[in-house]
Amino acid sequence: MTHDHRTALINGLLDLAAFLETHPDLPVPPSVTVHHFPRQDGDAAQRAEIDRLAALLGTDTNHEDALHGHYATSRMFGPIEYRAVAILAAARARYDAEISYRGCIQPDPMPAT
């Protein structure tokens with residue numbers, strides 16, 4: 001991530017907060033999650049990046065995500081979550097296999113009521 005992108009993201013979040021504050025009639029969601037996905041190649045490098053981010057955040061990795069093939073950490077700031085997730089190779093392969101059937105099965109049309 002370049003410094004310009006980081007600055008633009010932070011400024012966008014601040015602008016959104018200011019806009020929501022000045023427009024109290026605009027609904028807001030109950031929570032917001034900001035996701036970061038590491039770009040390193042290989043599971044070991046991605047895990048290392050998540051471990052590095054967990055240290056910066058002062059958090060542990062989330063073992064519940066391991067059941068789905070993800071290696072993750074997150075920190076809450078009120079209802080705002082910063083979440084870093086590595087989607088490991090086995091999970092990506094499983095997803096690719098599942099999605100390979102997309103469009104092959106067509107449900108029966110719903111009867112008109």
Side-chain angles (χ1 to χ4, degrees):
M1 173 183 329
T2 66
H3 179 70
D4 291 340
H5 174 74
R6 180 182 181 85
T7 300
L9 179 68
I10 292 167
N11 287 336
L13 291 169
L14 293 169
D15 290 347
L16 174 61
F19 184 82
L20 292 174
E21 188 173 49
T22 60
H23 293 83
D25 293 336
L26 189 65
V28 296
S31 63
V32 173
T33 301
V34 175
H35 280 100
H36 169 73
F37 298 95
R39 296 177 184 244
Q40 287 76 4
D41 289 332
D43 288 353
Q46 288 188 17
R47 280 190 184 101
E49 176 65 0
I50 297 300
D51 289 339
R52 184 184 78 80
L53 296 174
L56 291 172
L57 292 166
T59 60
D60 294 322
T61 56
N62 186 339
H63 298 287
E64 293 174 14
D65 290 307
L67 299 173
H68 305 289
H70 297 172
Y71 193 73
T73 191
S74 66
R75 181 170 175 184
M76 298 300 294
F77 300 87
I80 310 297
E81 178 184 28
Y82 179 92
R83 183 168 180 76
V85 181
I87 302 173
L88 304 178
R92 291 192 310 272
R94 186 173 55 250
Y95 175 80
D96 289 344
E98 289 171 357
I99 200 166
S100 70
Y101 289 93
R102 182 170 289 190
C104 295
I105 299 171
Q106 298 296 323
D108 291 336
M110 293 293 296
T113 56

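This structure is a prediction, so every number in the text was calculated from the model and none was measured. What's counted below: heavy atoms across the whole structure, side chains too, no hydrogens, waters or symmetry copies.
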Enquirer: When clusters are formed from ILVMFWY side-chain contacts under 4.5 Å, directly or step by step, what else is grouped with Leu53?
Expert: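 When side chains under 4.5 Å apart are linked, the cluster holding Leu53 also contains Leu56.
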Enquirer: Per the side chain to side chain donor-acceptor pair (under 3.5 Å) rule, what does the pair list look like for residues 14-26, sequence neighbours excluded?
Expert: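 Residue pairs with at least one partner in residues 14-26: there are none.
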Enquirer: My understanding is that only residues two or more places apart in sequence, or in another chain, count here; which of them pass ring-ring contact (aromatic ring centres under 6.0 Å, His included) with His35?
Expert: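 His35 satisfies ring-ring contact (aromatic ring centres under 6.0 Å, His included) with Phe37 once adjacent residues are dropped.
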Enquirer: Using the side chain to side chain donor-acceptor pair (under 3.5 Å) criterion, which residues pair with Asp60? Sequence neighbours excluded.
Expert: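 Counting only residues at least two positions away or on another chain, Asp60 forms no side chain to side chain donor-acceptor pair (under 3.5 Å).
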Enquirer: Can you give the donor-acceptor pairs under 3.5 Å from side chains of residues 76-88 to other protein atoms, not counting sequence neighbours?
Expert:
from  : atom 1 : to    : atom 2 : distance (Å)
Glu81 : OE1    : Thr33 : OG1    : 3.1
Glu81 : OE2    : Ser74 : OG     : 3.1
Arg83 : NH2    : Asp65 : OD1    : 2.8
Arg83 : NH2    : Asp65 : OD2    : 2.7

Enquirer: Quick one: name the residues clustered hydrophobically with Phe19, using the 4.5 Å side-chain heavy-atom rule over I, L, V, M, F, W, Y, and just say none if it's on its own.
Expert: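 Under the 4.5 Å side-chain rule, Phe19 groups with Leu16, Leu20, Leu26, Val28.
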Enquirer: Other than Leu14, which residues form its hydrophobic cluster under the rule that side-chain heavy atoms must be closer than 4.5 Å?
Expert: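 Ile10, all in the cluster of Leu14.
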Enquirer: List, one per line, each side-chain donor-acceptor pair under 3.5 Å for residues 94-105, sequence neighbours excluded.
Expert:
from   : atom 1 : to    : atom 2 : distance (Å)
Arg94  : NH2    : His68 : O      : 3.0
Ser100 : OG     : Ala97 : O      : 2.6

Enquirer: Tell me which pairs pass salt bridge (charged side-chain N to carboxylate O under 4.0 Å, His left out) where either residue lies in residues 32-48, with sequence neighbours left out.
Expert: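 For residues 32-48, and leaving out neighbouring residues, there are no salt bridge (charged side-chain N to carboxylate O under 4.0 Å, His left out) pairs at all.
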Enquirer: Listing request: all ring-ring contact (aromatic ring centres under 6.0 Å, His included) pairs with a residue in residues 41-60, at least two apart in sequence or in separate chains.
Expert: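 Residue pairs with at least one partner in residues 41-60: there are none.
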Enquirer: Can you sort out the partners of Arg52 under salt bridge (Lys or Arg N to Asp or Glu O under 4.0 Å), two or more places apart, ordered by chain and number?
Expert: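 Arg52 satisfies salt bridge (Lys or Arg N to Asp or Glu O under 4.0 Å) with Glu49 only.
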Enquirer: Nearest heavy-atom pair of Gln46 and Gln40: which atoms, and what distance?
Expert: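 Looks like NE2-O, 3.0 Å.
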